[in-house]
Q: 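This is the structure I have questions about; it appears just below.
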Amino acid sequence: MLNQDIAKAFNEIADLLEIKGENPFRIRAYRRAAQNIESLGRDIADMSEDEMIRIPGIGKDLAGKIREFVEKGRIERLEELRKEVSPGLTEIMTVPGVGPKTAKVIFEELGISNIEELEVAARQGRLQGLPGIKRKTEENILRGIEMLKRGRERQPLGKVLPLAEEIVARLKRVRSVRKISLAGSLRRWKDTIKDIDILATSTNPTEVMNAFVNMPEVEEVLLKGPTKSSVVLGEGLQVDLRVVEEDSFGAALQYFTGSKAHNIKIRERAVKMGLKINEYGVFRESDGKKIAGRTEEEVYQAIGLPYIPPELREDRGEVEAAEKGVLPELVEIGDIKGDLHVHTRYSDGSHGIEEIALFAKSLGYRYIAITDHSKGLGVAGGLTAEQVMEQVKEIQAINRKIKNFRIFMGVEVDIRSDGSLDLPDEVLSKLDIVIASIHSGFRQSVGQLTMRLLSAIKSPYVKIIAHPTGRLIGERDPYEVDMVQILQMAKENSTALEINAYPLRLDLNDRYAREAKEMGIPLVISTDTHITEQFRFMRYGVHVARRAWLESKDILNTKDIKELERFLKSRKKT
DNA sequence: GCCGTTTTCGGCCCGACTGTTTTCAGTCG
């Protein structure tokens with residue numbers, strides 16, 4: 001998808017303009033456009049210029065630049081800027097604490113244009129004495145380089161959230177803490193996280209800050225004040241804690257939950273209404289009187305909007321939807337009635353069928369689908385046709401035993417590298433549910449991978465495509481497939497797409513899932529459970545769905561058994 | 001560069017912390 005490349009180009013233009021000291025609002029315009037393009041669910045290359053202009057933050061000029069990039073693979077303005085500004089400057093700016101001004105001084109005075117040279121110069125004390133730079137700043141820069149080396153990449157939500165929840169639980173035990181909540185991208189359930197934001201109220205802020213910076217995992221204290229402190233954990237993860245007054249908690253929570261783009265939007269709206277929003281509350285411009293701030297609901301109400309759930313706050317149309325009163329009724333974890341992707345000991349799962357079914361029932365589920373791997377996946381102990389039929393018999397027997405619960409007989413059939421399915425049709429036709437997925441040949445061409453998925457989608461027996469893009473966050477990029485074609489084919493065949501809730505997958509992601517919803521494609525949220533504890537991953541999947549604006553009615557495993565069966569028994573057109 | 005309940009020009013979100021400064025600039029989120 002070209003979107004990421006265009007976003008990257010626009011961000012680079014913004015960096016270069018920043019170094020040149022250009023109009024900050026123009027710079028912001030490029031960054032905003034980049035962000036909005038990145039979050040688009042469809043390929044911008046397929047859009048007409050008129051359609052592009054309807055994307056917020058994109059006007060005539062940027063639409064022209066996008067077209068230029070699509071057609072020529074380059075943007076003339078960017079090439080010019082690259083000639084004007086030394087490439088080293090943007091590199092230096094990637095060091096935390098070094099912005100455009102500092103980078104420029106260092107480059108112009110010392111001729112330093114890469115991070116290695118910068119580190120050497122800082123170690124030799126050669127930065128001291130430059131305008132605005134003394135010993136402390138030099139130390140900061142060295143620290144910034146260290147942090148950069150340790151890699152401050154975004155980390156998977158599934159890794160960060162448990163850690164963050166633990167920190168919150170620990171701070172909750174500090175006696176003076178009243179309210180405490182996660183904020184930032186964690187509260188919005190973004191699939192990757194750069195740092196942990198926590199917000200609290202306290203009768204003794206100093207006590208909280210002390211407890212915070214003295215936690216055992218803290219490797220380094222970046223800054224510490226009475227209302228704001230930042231630390232770095234052993235894993236290289238930054239944690240920010242803000243402490244505010246009780247009657248500002250809602251405003252602060254709204255503020256620190258972001259996203260930045262969402263906040264800018266609502267503050268602009270506030271300004272137009274003669275109001276000002278900051279982390280302390282909503283204030284009347286005329287007399288400075290505070291009119292809201294204790295709760296987030298109050299804040300939104302003060303600017304004439306209904307409450308907007310955190311997962312939607314990405315400036316992807318949620319403010320406009322709130323204005324019109326057409327926000328979606330987002331799916332909730334309690335709406336989920338079953339899990340349609342479950343493994344057992346028959347392949348690479350850890351439990352027997354009855355055991356895992358009873359566990360699912362104890363969670364309040366009404367049904368599960370047993371979907372072990374097929375034989376092509378040798379490493380996972382995939383099943384032959386005969387083994388599948390044995391499993392079917394066992395499931396039938398257990399279904400007679402367990403009351404008020406239903407086990408659907410299924411399989412996760414491997415899509416072979418030529419696009420054929422790993423089990424014969426006469427086996428697939430005997431099952432309640434067939435999900436299909438790719439587990440090999442990831443490096444095939446776009447055309448081949450797309451063809452494989454398309455032919456699985458078309459199969460009259462395949463009801464669901466599992467983890468459609470195959471990504472493993474931080475480990476493996478999504479397959480290069482033509483999602484436009486895949487979504488179209490899924491729609492034509494009413495083949496459902498899975499939101500795989502396994503925290504490293506979260507696949508489909510929020511953008512594609514939203515596009516799928518808008519096209520009317522059925523979706524399921526499944527955990528791909530291999531061991532009972534993994535049923536708890538469902539919350540990750542539900543939150544991806546919420547970020548995708550999905551409502552309960554868009555998701556198959558919120559349906560009761562009868563309605564789900566109707567879908568499973570429906571015939572495809574083909 | 002975008003955008004319109006101060007509409008086609010002139011605005012554009014807001015504040016904390018740090019360091020180098022005697023009142024503020026830079027950076028970050």
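Fair warning: this is a prediction, and the values are worked out from it, not measured in the lab. Just so we're on the same page: letters track the sequence lines, and every chain starts at 1.
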Q: Could you check how far CE of A:Met93 sits from C1' of B:dG26, rounded to whole Å?
A: 12 Å
Q: Considering Watson-Crick and G-U wobble pairs with both distances under 3.5 Å, what does B:dG15 pair with?
A: B:dC28
Q: Tell me what A:Ile58 touches on the nucleic acid: a base, only sugar-phosphate, or nothing, going by heavy atoms under 4.0 Å.
A: sugar-phosphate
Q: Just confirming the chi classification of B:dT6, syn or anti, using 90° around 0 as the syn window.
A: anti
Q: Select base, sugar-phosphate, or nothing to describe what A:Pro100 touches, counting heavy atoms under 4.0 Å on all strands.
A: sugar-phosphate
Q: Test side-chain contact (heavy atoms from CB on, under 4.5 Å) on A:Arg471 and A:Leu506; report intermediate values, then the result.
A: CA-CA 8 Å; A:Arg471 73 161 174 179; A:Leu506 304 183; 3.7 Å; yes
Q: Can you check the distance between B:dC14 and B:dC9, where both ends of the measurement are the C1' atom (answer in whole Å)?
A: 25 Å
Q: Would you check, one step at a time, whether the test side-chain contact (heavy atoms from CB on, under 4.5 Å) holds for A:Asn36 with A:Arg32?
A: CA-CA 6 Å; A:Asn36 289 344; A:Arg32 182 165 129 84; 4.1 Å; yes
Q: Going by the rule side-chain contact (heavy atoms from CB on, under 4.5 Å), which residues pair with A:Pro328 if we only count those two or more places apart in sequence or in a different chain?
A: A:Leu312, A:Leu330, A:Trp549, A:Glu551
Q: Once you round it to whole Å, what is the distance between P of B:dC2 and CE of A:Met52?
A: 13 Å
Q: Rounded to the Å, how far apart are A:Glu18 CD and B:dC28 C1'?
A: 11 Å
Q: Taking atom P of B:dC3 as reference, at what distance in whole Å does atom CG of A:Asn36 sit?
A: 9 Å
Q: Can you list the residues that meet the side-chain contact (heavy atoms from CB on, under 4.5 Å) rule with A:Lys289, with sequence neighbours excluded?
A: A:Arg284, A:Asp287
Q: Does the pair A:Arg511 and A:Glu515 meet the rule for a salt bridge (Lys or Arg N to Asp or Glu O under 4.0 Å), with working shown?
A: CA-CA 6 Å; A:Arg511 291 182 287 118; A:Glu515 186 72 16; over 6 Å; no
Q: Could you tell me whether the side chain of A:Asp197 has a donor or acceptor atom within less than 3.5 Å of a complementary atom in the base of B:dG29?
A: no
Q: Any idea which of B:dC12, B:dC2, B:dT27 is nearest the A:Phe25 side chain?
A: B:dC12
Q: Starting from C1' on B:dC2, measure out to CD on A:Glu49 and report it in whole angstrom.
A: 15 Å
Q: Report yes if a side-chain nitrogen or oxygen of A:Lys65 is closer than 4.0 Å to either non-bridging phosphate oxygen (OP1 or OP2) of B:dG1; otherwise report no.
A: yes
Q: Taking side-chain contact (heavy atoms from CB on, under 4.5 Å) as the test, write out the residues that go with A:Met215, two or more places apart.
A: A:Ile167, A:Arg170, A:Phe212, A:Glu217, A:Val218
Q: May I ask you to test the A:Arg187-A:Ser181 pair for a side-chain heavy-atom distance under 4.5 Å?
A: yes
Q: What pairs of nitrogen or oxygen atoms, one from the protein and one from nucleotides 19-21 of chain B, lie under 3.5 Å apart?
A:
unit_1, atom_1, unit_2, atom_2, d
B:dG19, O3', A:Thr137, OG1, 3.0
B:dT20, OP1, A:Lys134, N, 2.8
B:dT20, OP1, A:Lys134, O, 3.3
B:dT20, OP1, A:Thr137, N, 3.3
B:dT20, OP1, A:Thr137, OG1, 3.0
B:dT21, OP2, A:Lys134, NZ, 3.0

Q: Rounding to an integer number of Å, can you tell me how far A:Arg31 CZ sits from B:dC28 P?
A: 10 Å
Q: Just jot down the ring pair (Phe, Tyr, Trp, His ring centres under 6.0 Å) partners of A:Tyr479, sequence neighbours excluded, or say none.
A: A:Phe442
Q: Check the angle between the aromatic planes of A:His543 and A:Trp189 and answer parallel, tilted or perpendicular using the 30° and 60° thresholds.
A: parallel
Q: Rounded to whole angstrom units, what separation is found between the CG atom of A:Asp15 and the P atom of B:dT27?
A: 13 Å
Q: Report the distance from atom CD of A:Gln238 to atom C1' of B:dG29, rounded to the nearest whole Å.
A: 9 Å
Q: Would you kindly compare A:Thr102 and A:Lys60 by the position of their nearest DNA chain B nucleotide and give the one closer to the 5′ end?
A: A:Lys60
Q: Collect all protein-nucleotide pairs involving nucleotides 14-17 of chain B in which both atoms are nitrogen or oxygen and the distance is under 3.5 Å.
A:
unit_1, atom_1, unit_2, atom_2, d
B:dC14, O2, A:Tyr255, OH, 2.8
B:dG15, OP1, A:Lys276, NZ, 3.3
B:dG15, OP1, A:Asn278, ND2, 2.9
B:dA16, OP1, A:Tyr280, OH, 2.5
B:dA16, O3', A:Thr227, OG1, 3.2
B:dC17, OP1, A:Thr227, N, 3.4
B:dC17, OP1, A:Thr227, OG1, 3.0
B:dC17, OP1, A:Lys228, N, 3.2

Q: Please measure how far the C1' atom in B:dT8 lies from the corresponding atom in B:dG1, and state the result in whole Å.
A: 14 Å
